K.L.:
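I am attaching a structure below and will ask some questions about it afterwards.
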Protein chains: 2
Amino acid sequence: MKELYKESVNREGFAIPYYEIPYEKFFQFGLSVDCVVFGYHENKLKVLLIKRGAKPYLGKWALPGDLVYPNENIESAANRVLRDLTEIDSLFLEQTKTYGQVDRHPAGRVITTGFYAIIDIAKHDPHAAAWADGIYWVDADNIPQLAFDHNQILTDALRILREQVGKQPVGFELLPSKFTLGELQALYEGLLGVSFDKANFRKRMLSMDVLIDCDEYQKNVPHRPGKLYSFDLKRYSELKSKGSNFEI
Amino acid sequence: MKELYKESVNREGFAIPYYEIPYEKFFQFGLSVDCVVFGYHENKLKVLLIKRGAKPYLGKWALPGDLVYPNENIESAANRVLRDLTEIDSLFLEQTKTYGQVDRHPAGRVITTGFYAIIDIAKHDPHAAAWADGIYWVDADNIPQLAFDHNQILTDALRILREQVGKQPVGFELLPSKFTLGELQALYEGLLGVSFDKANFRKRMLSMDVLIDCDEYQKNVPHRPGKLYSFDLKRYSELKSKGSNFEI
DNA sequence: CAGATAAAGTGTTCTGTTGACACTTATGGT
DNA sequence: ACCATAAGTGTCAACAGAACACTTTATCTG
């Protein structure tokens with residue numbers, strides 16, 4: 001084996017695989033990114049889907065995604081896809097998993113890296129990018145059949161979102177900068193699909209010491225107005241670096 | 001943009017990117033896997049490193065890894081690398097992250113997907129595969145400088161291991177099939193770098209109801225022999241599917 | 001204006017978990 | 001016989017979490 005290996009370097013001395021497959025074949029992979037963009041509206045979690053405008057899976061539902069350019073970093077590509085759709089750079093854009101089944105793409109060997117992002121639906125009106133025929137918000141608990149292995153990618157992203165949402169202040173992205181504790185509670189209930197006791201939820205949130213009391217109240221609501229808070233990112237970072245862990 | 005796109009399909013009608021870069025350039029990526037293999041010995045967490053036998057980074061420390069074959073799934077490639085080194089199929093081989101900085105490999109655009117595995121050092125004596133000049137167990141808290149971005153990959157894997165170890169019964173892989181609660185505690189302390197109260201640790205472990213009492217005891221130890229337990233994978237799966245969560 | 005409605009916001013009790021710690025037990029070594 | 005070492009147990013106080021009842025403050029409706 002060792003001997004075999006020593007013959008298996010190319011002319012510049014770089015290691016190449018030692019089976020009888022031409023060197024070039026190892027450099028014919030395509031790489032794409034697929035973004036699972038979560039939004040939140042009326043107590044419901046939504047996902048941004050497109051209608052494909054080209055083969056394969058022409059006209060089918062799919063996650064927004066694109067091939068990575070030869071001189072482009074993966075994260076940059078994911079940001080580009082998101083920016084093409086929403087014209088914003090999301091604060092949360094995290095890698096989920098990478099999918100590379102040999103037969104996942106009919107046009108060749110295409111690896112895809114999944115990302116998930118969270119945006120505030122009210123703030124951004126997404127529009128179809130060049131590579132899509134249409135773009136729609138779809139309920140996260142009612143996803144149609146998607147192209148490629150996108151159902152798997154979406155399912156994984158949803159699981160990862162739910163795992164993270166309790167441990168990182170992910171959710172605050174989905175709220176206006178000033179919000180009531182009731183809105184915050186509804187958000188978490190929507191994301192996690194559970195319900196909390198109001199009194200206990202407030203106590204926990206306020207005791208974590210990452211909310212700034214804005215000393216303002218809601219207006220024009222047909223009930224007692226709630227006090228407005230904002231998220232103290234600086235304080236959160238301080239606590240995080242000191243090792244305290246944020247847990248819902 | 002839309003118009004531009006509609007011209008941007010190749011002769012079979014597949015979507016191709018719409019910038020002025022030849023189609024072929026999008027399919028010149030290489031894909032590799034890098035495995036962070038954890039082992040545990042004498043209360044210390046170890047990582048399996050190789051000495052590279054070819055350029056680039058000839059003679060430097062690196063993670064074991066290899067290019068993925070054109071007709072090989074990513075997970076299969078990771079399993080192959082591990083099997084080449086240890087002659088076993090690890091029960092735990094999980095994806096961590098994918099790394100694709102444009103300039104991470106001097107020989108071209110190579111994407112790499114990280115994996116982490118856990119094996120029992122006592123059971124498997126690793127040997128250098130064809131693509132390595134040597135293979136060594138190195139203390140996880142004293143890692144030398146590694147080739148490529150392997151230090152980053154290792155750091156991420158270690159963080160992910162520590163996150164998972166409290167939530168999945170990962171650690172049992174590292175112990176003999178029958179073990180004492182003291183050994184289990186030492187393992188978790190080694191992995192997580194903390195120490196637990198003995199009484200409380202036992203209570204928690206036994207209350208989780210995933211340990212089988214073997215009704216046997218240690219032999220030839222210079223102190224009171226501990227009772228032996230084994231991990232009840234079946235019971236664990238049952239509990240998991242019922243939604244109860246295993247937490248250290 | 002009176003009452004209904006809706007959600008904000010508070011206080012109290014009960015219970016189970018967690019951490020700290022002291023103690024007893026069993027084995028081999030000297 | 002005694003020591004060292006680690007196994008294994010019991011208790012108690014403090015805290016965190018769930019459950020629930022209650023008060024407060026706004027708009028809406030007649």
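Just so you know, these numbers come straight off a predicted model, no measurement behind them. Chain identifiers are assigned alphabetically (A, B, ...) following the order of the sequence lines, protein sequences preceding nucleic acid strands; residue numbering begins at 1 within each chain.
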K.L.:
Quick one: are the ring centres of F92(B) and Y116(B) less than 6.0 Å apart?
P.N.:
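No - the distance between ring centres of F92(B) and Y116(B) does not fall below the 6.0 Å cut-off.
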
K.L.:
Check the distance between dA7(C)'s P and L228(A)'s CG and give it to me in whole angstrom.
P.N.:
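These atoms are roughly 17 Å apart.
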
K.L.:
May I ask you to evaluate whether R202(A) reaches the phosphate of dG9(C), defined as a side-chain N or O under 4.0 Å from OP1 or OP2?
P.N.:
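Checking R202(A) against dG9(C): at least one side-chain N or O falls below 4.0 Å of OP1 or OP2.
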
K.L.:
Does the distance from a Lys or Arg side-chain N to an Asp or Glu carboxylate O, for E216(B) and K178(B), drop under 4.0 Å?
P.N.:
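Looking at K178(B) together with E216(B), the answer is yes, because their closest N to O distance falls below 4.0 Å.
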
K.L.:
Would you say K60(B) has more than 12 foreign heavy atoms packed within less than 6.0 Å of its NZ?
P.N.:
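Counting neighbours around NZ of K60(B), 12 or fewer heavy atoms of other residues, nucleotides or ligands fall under 6.0 Å, so no.
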
K.L.:
With a 3.5 Å cut-off and just heavy-atom distances, do the side chain of K198(B) and the base of dG8(D) make a donor-acceptor pair?
P.N.:
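Such a pair is found, so the answer is yes.
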
K.L.:
May I have the distance from K227(A) (atom NZ) to dT25(D) (atom P), rounded to whole angstrom?
P.N.:
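Going from K227(A) (NZ) to dT25(D) (P), I get 13 Å.
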
K.L.:
Quickly work out the E189(B) CD to dA6(D) P distance and round it to whole Å.
P.N.:
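That distance rounds to 12 Å.
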
K.L.:
Say you draw a straight line from CG of N200(A) to NZ of K198(A); how long is it, rounded to the nearest 0.5 Å?
P.N.:
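Here the rounded value is 11.0 Å.
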
K.L.:
Is it the case that the ring center of Y229(A) lies less than 6.0 angstrom away from the ring center of F179(A)?
P.N.:
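No; Y229(A) has its ring centre 6.0 Å or more from that of F179(A).
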
K.L.:
Without decimals, in angstroms, what is the distance between D213(B) CG and dG8(D) C1'?
P.N.:
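About 13 Å, once rounded to whole Å.
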
K.L.:
Return the value, rounded to whole Å, for the distance between atom CD of Q185(A) and atom C1' of dA8(C).
P.N.:
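Answer to the nearest Å: 11 Å.
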
K.L.:
Can you classify the ring geometry of F231(B) versus Y236(B) as parallel (below 30°), tilted (30 to 60°) or perpendicular (above 60°)?
P.N.:
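Rings of F231(B) and Y236(B): tilted, 30 to 60°.
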
K.L.:
Is NZ or CZ of R202(A) both nearer than 6.0 Å to the six-membered ring centre of F196(A) and within 45° of the ring axis?
P.N.:
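Geometry flag: not set, cation outside 6.0 Å or 45°.
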
K.L.:
How many Å lie between CD on Q218(A) and C1' on dA7(C), as a whole number?
P.N.:
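It works out to 9 Å between those atoms.
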
K.L.:
In terms of side-chain heavy atoms of P222(B), which of dA26(D), dG28(C), dA7(D) is nearest?
P.N.:
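Ranking dA26(D), dG28(C), dA7(D) by closest atom to the P222(B) side chain puts dG28(C) first.
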
K.L.:
Whole Å only: how far is the CZ atom of R224(B) from the P atom of dA6(D)?
P.N.:
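Whole-Å distance recorded here is 14 Å.
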
K.L.:
I need a per-nucleotide contact map over nucleotides 10-18 of chain D, read 5' to 3'. Cutoff is protein heavy atoms under 4.0 Å; write B for the base, S for backbone only, - otherwise.
P.N.:
BB------B

K.L.:
Please state how far atom OH in Y217(A) lies from atom P in dA26(D), giving the value in whole angstrom units.
P.N.:
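Spelled out: OH on Y217(A) to P on dA26(D) is 9 Å.
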
